[in-house]
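Below, all heavy atoms of this structure are taken into account, side chains as well, without hydrogens, waters or symmetry copies. Counting starts at 1 for both ligands and their atoms, in listed order.
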Amino acid sequence: MTTYKALTIAGSDSGGGAGIQADLKTFQELKAYGMSAITAVTAQNTLGVQDVYPMSVAAVEAQIDSIGADLGADAVKTGMLFSSEIIEAVANKIKQYKWERIVVDPVMIAKGGASLLQQQAVQALKDHLLPLAMVITPNIPEAEVLTDMSISNLDERMEAAKKLHKMGVQHVVIKGGHGEGEDLVDLLYDGQEFLYITSKRIHTKNTHGTGCTFAAALTAQLAKGSSVRQAVVVAKDFIQAAIEEDLKIGNGHGPTNHWAYHHRQKENA
Ligand SMILES: Nc1ncnc2c1ncn2[C@@H]1O[C@H](COP(=O)(O)OP(=O)(O)OP(=O)(O)O)[C@@H](O)[C@H]1O
Ligand SMILES: Cc1ncc(CO)c(N)n1
């Protein structure tokens, strides 16, 4: 049996709902072998981010080298990268190891408002990482920052997706969690066609880590050889199950349930 390997390069969330922890749990549930390179340690829980401790560039590079020199990776996800120095180092390592199935989740701000990316690092993201991305998964506010436009309807979202594609990204997924209304649309653009992945909005405050979990599910599927389109559909089912069966823990925005998708599949088998 082949073992498919997925690497996450992201920040640690001590509360376990987002970041590295969400990614590794999701990889495991989707049967991809999970590996990590930590870019920053956050002191975080369901109430918010209490502190951020970035790693040195050398520490980030050393973790990636340990993986590149031995295990290798079938797909790579980037999450919280914090600074332009870390972004440049990560982009160089991706090129060095010739990794191609790259999912860039352009994490900027946590739900409570804490900054997970320095403002001056946005340009580095555009210059160095976007051209390497097989898929980018911004939420609406992140797509606005990256494209320098305001997005208040689906037409503008389509225009933003085209702009991001022009910046060198192969596939763009602009997620609809931050949109309005009962129907929620994630928009996929591959440079030619738009695909709308729709669902009903679930009314819950427990949405901590939805973005990380969605992008991690996408990465696991790409590691196993899926097409981007198939991977996005599975990622949407995965996050839908994880939000529907949310965990009622902590006093703020609780985490999603990373085992709900697998659990449902077993029940339906
Ligand atoms: N209330 C909800 N009901 C159903 N699906 C949701 C809901 N909120 C988010 N999603 C889904 O979760 C995924 C992540 O979307 P969202 O726009 O919330 O990402 P995000 O803002 O990057 O998340 P995060 O806050 O973790 O950074 C998308 O597939 C979206 O459709
Ligand atoms: C470490 C980390 N990465 C990403 C997010 C975005 O959800 C978060 N809250 N924390």
Side-chain angles (χ1 to χ4, degrees), residues 8-24 26 36-55 77-82 86 103-117 135-146 151 157 173-188 195-218 231-246 250 252-258 260-261:
T8 170
I9 304 174
S12 164
D13 168 10
S14 51
I20 291 279
Q21 288 77 0
D23 295 345
L24 292 178
T26 304
S36 62
I38 298 182
T39 55
V41 171
T42 70
Q44 189 174 174
N45 54 27
T46 67
L47 298 170
V49 178
Q50 286 81 46
D51 243 318
V52 175
Y53 303 90
M55 304 293 288
K77 167 185 183 281
T78 67
M80 172 186 181
L81 295 175
F82 193 67
I86 294 180
V103 175
V104 174
D105 186 19
V107 170
M108 293 181 188
I109 295 173
K111 285 225 161 71
S115 175
L116 303 179
L117 180 75
V135 192
I136 190 172
T137 59
N139 60 27
I140 292 171
E142 289 158 354
E144 290 184 318
V145 170
L146 291 171
I151 304 173
R157 228 187 313 162
V173 180
I174 304 187
K175 300 169 294 186
H178 294 246
E180 306 261 296
E182 291 302 304
D183 295 314
L184 200 147
V185 183
D186 290 352
L187 180 70
L188 167 64
L195 180 71
Y196 304 88
I197 302 117
T198 55
S199 66
K200 287 281 166 214
R201 186 176 297 280
I202 304 159
H203 293 280
T204 170
K205 67 178 171 67
N206 299 329
T207 54
H208 176 63
T210 50
C212 302
T213 302
F214 173 81
L218 180 54
V232 169
V233 171
V234 170
K236 179 67 190 174
D237 283 350
F238 191 98
I239 193 61
Q240 186 79 12
I243 303 173
E244 271 174 13
E245 295 182 31
D246 60 345
H253 292 287
T256 69
N257 181 344
H258 293 99
Y261 175 83

What part of [X], side chain from CB on, backbone N/CA/C/O, both or neither, has a heavy atom under 4.0 Å from ligand 1?
X      : value
Ile243 : side chain
Lys236 : side chain
Thr210 : both
Arg201 : both
Ile202 : both

In the protein, which heavy atom is nearest to atom 9 (N) of ligand 2, and how far is it?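 The protein heavy atom lying closest is Gln44 OE1, 2.8 Å.
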
Closest protein heavy atom (residue, atom, distance) for atom 24 (P) of ligand 1: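 Its nearest protein heavy-atom neighbour is Lys111 NZ, 3.5 Å.
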
Side chains of Thr46 and His208: does their closest heavy-atom pair fall under 4.5 Å?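 Counting from C-beta outward, Thr46 and His208 never come under 4.5 Å.
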
For the side chain of Asp105 and the backbone of Ala215, is there at least one donor-acceptor N/O pair under 3.5 Å apart?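 Not at all, since once roles are kept as given, no pair shorter than 3.5 Å links the two residues.
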
Do the side chain of Thr256 and the main chain of Ile243 share a donor and acceptor less than 3.5 angstrom apart?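 Between the backbone of Ile243 and the side chain of Thr256 there is no qualifying donor-acceptor contact (under 3.5 Å).
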
Between Arg201 and Asp183, does any side-chain N to carboxylate O distance fall below 4.0 Å?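 No salt bridge links Arg201 with Asp183.
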
Which residue from Ser12, Gly112, Gly19 reaches closest to atom 3 (N) of ligand 2 through any of its heavy atoms?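 Looking at heavy atoms only, Gly19 sits closest to atom 3 (N) of ligand 2.
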
Ligand 1 contacted by Ala18 (non-hydrogen, < 4.0 Å):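 In this structure, Ala18 fails to qualify as a contact of ligand 1 - no heavy atom is under 4.0 Å.
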
Which one holds for Val49 and ligand 2: side chain close, backbone close, both close, or neither close, with close meaning a heavy atom under 4.0 Å?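 Contact part for Val49 vs ligand 2: neither.
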
Below 4.0 Å from any atom of ligand 2, is there a heavy atom belonging to Gly79?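 Heavy atoms of Gly79 never come under 4.0 Å of ligand 2.
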
Looking at ligand 2, would Lys111 count as a contact under a 4.0 Å heavy-atom criterion?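 Lys111: no contact with ligand 2 (<4.0 Å).
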
